[in-house]
Amino acid sequence: MKNIFDLKETNIIIDRINKLDAYAKPQWGKMSVDQMLAHCNVTYEMIYDNIHPKPNRFKIWMLKAIIKPYVVGEKPYKKNSRTAPEFIISDAKEFDLEKERLIEYIKKTQSLGPAYFGNKPSYFFGKLTASEWNNLFYKHLDHHLSQFGV
């Protein structure tokens with residue numbers, strides 16, 4: 001798995017994002033490019049912005065038991081994987097704003113580095129290692145950038 005905390009890898013991801021335009025079409029799935037960017041931003045909003053309601057204990061327990069290995073492991077996501085309701089973006093978004101927000105979140109994450117994320121709790125899975133956070137970040141971004149051909 002590539003290391004999202006590495007400046008070189010961060011720049012590669014940002015270069016891929018910058019290759020997108022507001023007219024990019026998905027190779028699979030239903031999201032538009034603006035919705036995809038907003039969808040990717042939700043992960044970072046849950047870390048930095050505290051604007052999403054926290055799930056109840058039962059949901060956290062279920063997600064840790066069933067979904068966590070899939071999300072934080074090294075195996076890539078399958079095309080058309082199910083999306084958690086919290087991540088579904090159904091309305092149109094402003095492409096440039098969502099793109100700028102995502103790039104800033106990625107830069108912030110890289111600058112904070114793996115030490116910041118070691119044993120940091122996630123909304124859904126409890127405490128994660130820096131490696132698990134890396135896998136979650138990188139896999140999710142790579143999946144959706146590949147979805148749009150970049």
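Numbers for residues simply follow the sequence, beginning at 1.
Taking hydrophobic clusters as Ile, Leu, Val, Met, Phe, Trp and Tyr residues chained together by side-chain heavy-atom distances below 4.5 Å, Ile12 does not share a cluster with Tyr138. Hydrophobic clustering keeps Ile88 apart from Met46 (ILVMFWY residues linked when any side-chain heavy atoms are closer than 4.5 Å, directly or through intermediates). Placement of Ile67 and Ile60 in two distinct hydrophobic clusters is found when ILVMFWY residues are connected by side-chain heavy-atom separations under 4.5 Å, directly or transitively. A continuous path of hydrophobic side-chain contacts links Val150 to Ile17 [ILVMFWY only; heavy atoms under 4.5 Å]. Under the 4.5 Å side-chain contact rule for hydrophobic residues, Ile66 and Phe124 share a cluster.
Residue pairs meeting the salt bridge (Lys or Arg N to Asp or Glu O under 4.0 Å) criterion with at least one partner in residues 25-44, sequence neighbours excluded, are absent. Each salt bridge (Lys or Arg N to Asp or Glu O under 4.0 Å) pair with one or both residues in residues 10-24, not counting sequence neighbours, appears once here: Arg16-Asp142. Among pairs with a residue in residues 122-136, none fulfils salt bridge (Lys or Arg N to Asp or Glu O under 4.0 Å), at least two apart in sequence or across chains. Applying the salt bridge (Lys or Arg N to Asp or Glu O under 4.0 Å) definition to pairs two or more places apart or across chains, those involving residues 71-96 are Lys59-Glu86, Asp91-Lys93.
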- Item | Check against side-chain contact (heavy atoms from CB on, under 4.5 Å), Leu63 and Tyr123 | CA-CA 10 Å; Leu63 291 169; Tyr123 257 51; over 6 Å; no

- Task: Might you work through the side-chain contact (heavy atoms from CB on, under 4.5 Å) test for Cys40 and His140, ending with a clear yes or no?
- Result: CA-CA 7 Å; Cys40 288; His140 192 231; 4.0 Å; yes

- Message: Test side-chain contact (heavy atoms from CB on, under 4.5 Å) on Leu97 and Glu100; report intermediate values, then the result.
- Response: CA-CA 5 Å; Leu97 175 64; Glu100 181 181 318; 5.5 Å; no

- Derivation of the side-chain contact (heavy atoms from CB on, under 4.5 Å) call for Val71 and Phe125: CA-CA 10 Å; Val71 173; Phe125 307 123; 3.8 Å; yes

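Contact annotation: the side chain of Asn135 never approaches that of Leu128 to less than 4.5 Å [non-hydrogen atoms, C-beta and beyond]. Side-chain contact between Ser122 and Trp133: present, with at least one pair of heavy atoms (C-beta onward) separated by less than 4.5 Å. Using a 4.5 Å heavy-atom threshold, the side chains of Ile47 and Phe117 count as touching.
Ring geometry, Tyr48 versus Tyr44: the interplanar angle falls under 30°, so the pair is classed parallel (tilted spans 30 to 60°).
Not a single side-chain hydrogen bond (donor to acceptor under 3.5 Å, both in side chains) links Tyr77 to another residue, sequence neighbours left out. Under the side-chain hydrogen bond (donor to acceptor under 3.5 Å, both in side chains) criterion, Asn41 pairs with Glu98, sequence neighbours left out. Partners of Asn18 by side-chain contact (heavy atoms from CB on, under 4.5 Å), not counting sequence neighbours, listed by chain and number: Ile14, Lys99, Ile103. For the ring-ring contact (aromatic ring centres under 6.0 Å, His included) test, no residue two or more places apart in sequence or in another chain qualifies with Phe95. For Ser81, the side-chain hydrogen bond (donor to acceptor under 3.5 Å, both in side chains) partners at least two apart in sequence or on another chain are Tyr70. The side-chain hydrogen bond (donor to acceptor under 3.5 Å, both in side chains) test applied to Glu45 returns His52, Arg101, not counting sequence neighbours. A search for ring-ring contact (aromatic ring centres under 6.0 Å, His included) contacts involving Trp28 returns His143, not counting sequence neighbours.
No option in Thr43, Ile106, Val72, Asn3 other than Thr43 meets the side chain to side chain contact (heavy atoms under 4.5 Å, CB included) test with Phe137.
For Ala130 against Pro114, the heavy-atom pair with the smallest separation is CB-O, 3.4 Å.
A distance-only check finds a donor-acceptor pair linking the side chain of Asn134 to the backbone of Lys2 [under 3.5 Å]. Within the 3.5 Å criterion, the main-chain N or O of Gly29 finds a donor-acceptor partner in the side chain of Asn80.
Taking CG from Leu145 and CG from Leu20, the interatomic distance works out to 6.0 Å, rounded to the nearest 0.5 Å.
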Give every donor-acceptor pair under 3.5 Å between a side-chain atom in residues 4-11 and any protein atom, sequence neighbours left out.
from, atom 1, to, atom 2, distance (Å)
Asp6, OD2, Lys8, N, 3.1
Asp6, OD2, Glu9, N, 3.1
Thr10, OG1, Ile4, O, 2.6
Thr10, OG1, Asp6, O, 3.1
Asn11, ND2, Leu7, O, 3.4

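More than 12 non-hydrogen atoms from other residues, nucleotides or ligands lie less than 6.0 angstrom from NZ of Lys120.
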